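Everything on this sheet refers to the single structure shown next.
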Amino acid sequence: MNEKYFPEVIEAKWQQHWHDTHAFEVKGGDQRPKFYCLEMLPYPSGFLHMGHVRNYSIGDALAWYKRLQGFNVLHPIGWDSFGQPAEQAAIKRGVNPRAWTEENIVHMRGQLQRLGVSYDWSREIAAHRPEYYKWDQWFFLKMYERGLAYKKLSPVNWCPREGTVLSNEQSSGGVCWRCGAAVEKRDLQQWFLRITDYAEQLVADTAEIEATWPEKVIKRQRDWVGRSEGAYIDFTVKDSDKKIRVFTTRIDTVFGATAIVLAPDHPLIDELLKGSALRGDVERFAQKVAAERKRPADASAEEIKEGLNTGVLAVNPFSRETIPVWVANYVLMDYGTGAVMSVPAHDERDFEFAQKYSLPIRQVIAPVTHRQIAAEPQSVTGTDQSAEMRHAFTDYGVLINSGEWGGKLSAVAIKEMAQHAETSGFGGGAVTYRLRDWGISRQRFWGAPVPIIDCAKCGSVAVPYKDLPVLLPETAEFTGSGESPLSGVPEFVNTTCPQCDGPARRETDTMDTFVDSSWYFFRYCDPRNEAAPFDPEIVKQWIPVDQYIGGDSHAVLHLIYARFWNKVMRDLGLISFAEPVKKLLTQGMVTNRVEGTDEWKAMSKSLGNGVDPDEMIEAFGADAARLFILFAAPVENELRWNETGIEGAVRFLRKVYTMVWRWHERLADPGQRVPAAQAGEFSAGARALRRKTHQTIARVTNDFEHLHLNTSVAALMELFNELTDLEVQPDTASPSDLFAVREALESLTLMLAPFCPHIAEELWEKLGHSGGLLAQATVAAVPTWPQADPEWARKEELEIPIQVNGRLRARVLAAPDVSEEDLRAAALADEKVRSFIDGHEVVKVVVVPRRLVNIVVR
RNA sequence: GCCGGAGUGGCGAAAUUGGUAUACGCACCAGACUCAAAAUCUGGCGAGGUCACACUCAUGUCGGUUCGAGUCCGACCUCCGGCACCA
């Protein structure tokens, strides 16, 4: 090879080598410990973007690090290949979604290979291929059998003029994007997965991953599930045997309830208003609310609250008080029970509502201080200030105006009143969740068909397992009308009922693409299995995933679905663990300046601030691009693109390359290697180099364990700078010098491999090793990663800062094992120090062994 | 509005978790090489101050704890994210 660094030559050479030797293909069950390194699979849009490059560079660095450490590393990749863009391309440009997707995959696979990412390509999967989505359908049927998949009427956006379904985006502002007609909410039969059955587990099991997932993600998932502890209370409807059940987290405020408020679409309304003169008004109100479900962003909370008194009365089971029943738009049917007790004095929303409609405001909680609680814990007294209330008082306090409960503290009352409700039979403690079931129906072509057949006689019938997969037709007519294109393919739609053999229609909805990505990393373990989604025995060897890496945009979508799916698979008996991913890293965005502005935004086509990875690779090489990306910022930070930064990375690699070339002839013959003990006395320069080498190994190894990749690179640069400072030259080097240089260069090369695998392979070869970097780790199962010798990593001489009254005044040199007394004496004897303490009284001397001395004077 | 996170040179960032603030890199400045430029190499690079030292100030602001605070505590300011009528 050449004396000059030509990345394109080196990179092509080693990519070919890896391909020819199947270097990254793994099999389970060898004697090495396993490591599953997973990056979020890309959607095959056609082009890799810098976010992908960052994601895969991080993952690849870790995969290489673990391999060199002697782990059997599973590092797979695949394609999240169902989804919108393919269908949009079909609608707009008339292309076939399958052909479009396949072409994109070919192109992007090439890009990943040019980047040199060490994937096991033999395990590549793609969601749109029948051998994959067959198992989406299989899982769907398993869930259907267990009642975890169900169909229900659910509101969608509907254009009455065109008679089609619109997405949220297509109906923004409440009008159809094409014809401008007012969009209605219409109920359609849609398929759901009962993720709410797992709400409690999804919250509780976060304890298992709390320490190893980003706090931010855990928090968002908990918020998303929205567990809330409170109580149910049944209010009896006056002159009726009907009851209205409300959910509250503040049962201690029940004596302050001055109304019951129902969601406009509450099912009880119909029955309660039978024969009422107000019935028509309430119905009209409900329709109006349904039509404008979206909250205008600029409206104040009070403005948009609207309600109507139904004329119905209800009785508070605690106070026996009779209060009116209202309907209002701020109460949601799909949370809690769809009914609330309105306590204006102690709830902001109820307060606003009460102000607007002049409902009474009655204070039942008074503020208390800790001092009061300490003084009379059993019966604290509070003052009623209802008349002057200008805001709701939402804190805990002491109960007033609450009959026999008066004087109790909120915390106590909450427990006792729930208990009382339960023993009296009108309620009790309860937990509710914000989480809703996962709607997976999409009226689209490019997805996995829901494996259900609708029969006029038998209803919804599951497609028998033996008939899977339900294949997508080759193509369909893409009108963009909003209806599933599948419904326009008679060969697909028309079928026979598996139960009665009569004519029947297939379900034309396809599944949300998040279904595909909920379990794909299980499939990687056993990607060609034709009899099952995977063999549990094989999966057991690899999963849980040891490290998962991706953007945090999926914090509550993909990552919560995947956790849900895992729990379902466990309940199906396929696996035995609750959580599929041990450690999660959410990498930061890659941003670039938006031209003509000072703003840094995520690279995107529409902003015109994208940078093409291919161009970077061509200009600087894959190694330099990857090195820059990992060096420029901590992995979880935003990364601001900077072209001069990548030039710096090339500069560094060129210097390392030249350095190895300068030395390699004197180092190349492995036969001449001598162990350290026989290398003779080390010169001062060689000692310094060896020390730096071992310190660097310790630092980089430690940094890798925490994925502090940017500081690892900095450490490698420092080691290189130490080599530059070396006075001895190749032609004058003694055997012990050569030993130290070899040790430094080999360590540097090995530790560079996770960042820049191509040049590392090249230099490793140059240093006299054959078979590639992984020869030892994979063939002989011996770790190749360098080991820090603690003796050498330790400093030879310490520079101890001496402070006087906390201000740095001098530094003294000391041996690492210097005693406290000697250090103290040395500090006090220092000439510079003396000039600061002479004439003062030494009050105290703080000696921190090996660290510093602080002399306190007066 | 509620809940989180973060503020360190011109810039990206370090700081073994309470012990020498600014490692490493980018940009910039000077010198060497060159007819010249680029590339490369060498040196400098927080602010004030000094011929040079000395010294003083500096991790968003103000206060506190401590021999000692970027790090811990309290208040405030600014920016960035998430949720948004969730009872």
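Just so it is clear, the model here is predicted, and its values are computed rather than measured. Order of the sequence lines fixes the chain letters, A, B, ..., with proteins taken first and strands second; residue numbering starts at 1 for each chain.
Checking U20(B), A27(B), A87(B) against every side-chain atom of D347(A), the shortest atom distance belongs to A87(B). When distances run from any side-chain atom of K844(A) to the nucleotides C26(B), C67(B), U40(B), the shortest one goes to C67(B). For S228(A), counting side-chain heavy atoms from C-beta on, the closest listed nucleotide (U20(B), A87(B), C26(B)) is A87(B).
Between R640(A) and G25(B) there is no side-chain N or O to OP1 or OP2 distance below 4.0 Å.
When rounded to the nearest whole Å, the span between CD of E647(A) and P of A38(B) equals 14 Å. Rounded to whole Å, atom P of A13(B) lies 10 Å from atom CD of E636(A).
No engagement by G226(A) is indicated, since no non-hydrogen atom pair under 4.0 Å with the nucleic acid exists.
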>> For a salt bridge (Lys or Arg N to Asp or Glu O under 4.0 Å) check, start with the C-alpha distance between R691(A) and E722(A), then their side-chain angles and the critical distance, and finish with the verdict.
In response: CA-CA 10 Å; R691(A) 217 174 303 124; E722(A) 188 82 24; over 6 Å; no
Between protein and nucleotides 3-6 of chain B, what N or O pairs are separated by less than 3.5 Å?
from	atom 1	to	atom 2	distance (Å)
C3(B)	O2'	K219(A)	NZ	3.1

What N/O pairs connect the protein and nucleotides 55-59 of chain B at under 3.5 Å? Give each pair on its own line.
from	atom 1	to	atom 2	distance (Å)
U56(B)	OP1	R809(A)	NH2	3.3
U56(B)	OP2	R809(A)	NH1	3.3
C57(B)	OP2	R807(A)	NH2	2.1

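A centroid separation of 6.0 Å or more is found between the aromatic rings of W438(A) and Y198(A). Aromatic ring centres of F318(A) and F426(A) lie closer together than 6.0 Å. Checked against the 6.0 Å centroid criterion, the rings of F704(A) and F755(A) qualify as a close aromatic pair.
K219(A) is linked by a side-chain hydrogen bond (donor to acceptor under 3.5 Å, both in side chains) to D223(A), counting only residues two or more places apart in sequence or in another chain.
Secondary-structure annotation of RNA chain B gives the stems B:1-7 with B:77-83, B:10-12 with B:24-26, B:28-32 with B:40-44, B:46-48 with B:55-57, B:60-64 with B:72-76, with a stem taken as at least 3 successive Watson-Crick or G-U pairs whose two distances both fall under 3.5 Å.
S402(A) and V364(A) get closest at one heavy-atom pair: OG-CB, 3.8 Å. Counting all heavy atoms, side chain and backbone alike, P264(A) lies closest to A286(A) at O-CB, 3.6 Å. Contact between V225(A) and L202(A) at its shortest, heavy atoms only, is CG2-CB, 4.2 Å. In plain terms, the two heavy atoms of L828(A) and R834(A) that are nearest each other are O-NH1, 3.0 Å.
A 6.0 Å sphere centred on CD of E705(A) holds more than 12 heavy atoms belonging to other residues, nucleotides or ligands. In E215(A), the CD atom is not crowded: 12 or fewer heavy atoms of neighbouring residues, nucleotides or ligands sit closer than 6.0 Å. Around OH of Y396(A), the count of heavy atoms belonging to other residues, nucleotides or ligands within 6.0 Å does not exceed 12.
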> Can you give one letter per nucleotide of nucleotides 14-19 of chain B, going 5' to 3': B for a protein heavy atom under 4.0 Å from the base, S for sugar-phosphate only, - for none?
Replying inline: S-B--B
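Near RNA chain B, defined here as any heavy-atom distance below 4.0 Å, the residues from residues 718-725 of chain A are E718(A), N721(A), T724(A), listed numerically.
Between R362(A) and T258(A), the side chains place no donor N or O within less than 3.5 Å of an acceptor N or O (distance only, hydrogens not considered).
Map R436(A) and G648(A) each onto its nearest nucleotide of RNA chain B; the residue landing nearer the 5' end is G648(A). Along RNA chain B, the nucleotide nearest K655(A) and the nucleotide nearest T337(A) are compared for position; the residue whose nucleotide lies closer to the 5' end is K655(A).
Between F353(A) and Y357(A), the two ring planes are tilted [angle within 30° to 60°]. Ring-plane geometry between Y657(A) and Y5(A) is classed as tilted, the angle between the planes lying from 30 to 60 degrees on a 0 to 90 degree scale.
Both cation-pi conditions hold for R245(A) and Y232(A): the charged atom is under 6.0 angstrom from the six-membered ring centre and inside a 45 degree cone around its axis.
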